[in-house]
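Remarks on the structure that follows.
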Amino acid sequence: QVRLVESGGGSVQAGGSLRLSCAASDRGFSNVNMAWFRQAPGKEREFVAYIFWHGDSTSYADSVRGRFTISRDSAKNTVYLQMNSLKPEDTAVYYCAAGGSLGRIDSFVHWGQGTQVTVAS
């Protein structure tokens, strides 16, 4: 069974940085599009960032553009989310997902278990 395992979450002060990792158990994921989503308490899950399988094209939510960077290392079957200049409103559980289409959260079939990010003011 395919597994996506996130790591790197934690608690930081506003203005700080974190790097999330998402390791896929299946080498086939080096050829699929990947994304990060997040869900804050009481809110719906929302799109954060997307990277195409070839890694040459990315997309970001307006709320994180210029602060977050998505990247992938196909040799390690891992996708990263570098988060800089963190704000309290970035507090959420962050999920990686695989195989879906940009702009369509319902198209993602494979999800990780999530990692908590907490930003204190």
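Position 1 is the first residue of the sequence, and the numbers go up from there. Scope of the values below: all heavy atoms of this structure, side chains included, with no hydrogens, waters or symmetry mates.
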Students often mix this up, so state it plainly: with edges at 30° and 60°, are the rings of Tyr50 and Phe47 parallel, tilted or perpendicular?
tilted
Taking only residues two or more places apart in sequence, or in another chain, which ones meet Tyr80 in a ring pair (Phe, Tyr, Trp, His ring centres under 6.0 Å)?
none
Tyr94 backbone acceptor or donor facing Thr115 side chain under 3.5 Å:
no
Between the main-chain N or O of Ser25 and the side-chain N or O of Arg3, is there a donor-acceptor pair closer than 3.5 Å?
no
For Leu4 and Met34, what are the C-alpha separation, side-chain angles and deciding distance, and is it a side chain to side chain contact (heavy atoms under 4.5 Å, CB included)?
CA-CA 11 Å; Leu4 299 175; Met34 303 286 290; 4.2 Å; yes
Nearest heavy-atom pair of Gly114 and Val93: which atoms, and what distance?
CA-CG1, 3.8 Å
Kindly give the heavy-atom pair with the smallest separation between Ser107 and Gly100, and that separation in Å.
OG-CA, 3.4 Å
Could you go step by step and tell me if Arg38 and Val64 meet the side chain to side chain contact (heavy atoms under 4.5 Å, CB included) rule?
CA-CA 11 Å; Arg38 67 187 182 186; Val64 307; 3.9 Å; yes
Between Asn77 (side chain) and Ala24 (backbone), is there a donor-acceptor pair under 3.5 Å?
yes
Approximate separation, where rounding is to 0.5 Å, of Ile51 CD1 and Leu102 CG
12.0 Å
Stepwise side chain to side chain contact (heavy atoms under 4.5 Å, CB included) test for Phe68 and Leu86
CA-CA 9 Å; Phe68 291 11; Leu86 283 162; 3.8 Å; yes
Between Arg72 and Phe52 (side chain of the first, backbone of the second, donor and acceptor by atom type, cut-off under 3.5 Å), is there such a pair?
yes
Do you know the tightest heavy-atom contact between Trp36 and Glu6?
CZ3-CG, 3.8 Å
Please test Thr91 against Gln116 for side chain to side chain contact (heavy atoms under 4.5 Å, CB included), starting from the C-alpha separation and ending with a verdict.
CA-CA 8 Å; Thr91 295; Gln116 177 71 45; 4.0 Å; yes
For Glu89, salt bridge (charged side-chain N to carboxylate O under 4.0 Å, His left out) partners two or more places apart:
none
Here the pair of heavy atoms bringing Asn84 nearest to Ser17 is OD1-OG, 2.9 Å
I need the Ser59 OG to Arg65 CZ distance, nearest 0.5 Å.
6.5 Å
Could you check whether any side-chain heavy atom of Tyr95 comes within less than 4.5 Å of a side-chain heavy atom of Leu20, counting everything from C-beta outward?
no
Gln82 CD to Leu18 CG distance, which is reported to the nearest 0.5 Å
8.5 Å
N/O donor-acceptor pair under 3.5 Å between Asn33 side chain and Ser101 backbone:
no
Between Ala40 and Ala92, the two heavy atoms sitting closest are N-CB, 3.8 Å
Phe108 versus Ala97, closest heavy-atom pair with distance:
CD2-CB, 3.5 Å
Taking atom CH2 of Trp53 as the centre, does the number of heavy atoms from other residues, nucleotides or ligands within less than 6.0 Å exceed 12?
no
Applying side chain to side chain donor-acceptor pair (under 3.5 Å), name anything that partners Arg19, two or more places apart in sequence or on another chain.
none
Salt bridge check: are Asp90 and Lys87 linked by an N-O gap of less than 4.0 Å?
no
Should the pair Trp111 and Phe37 be assigned to parallel (<30°), tilted (30 to 60°) or perpendicular (>60°) ring geometry?
tilted
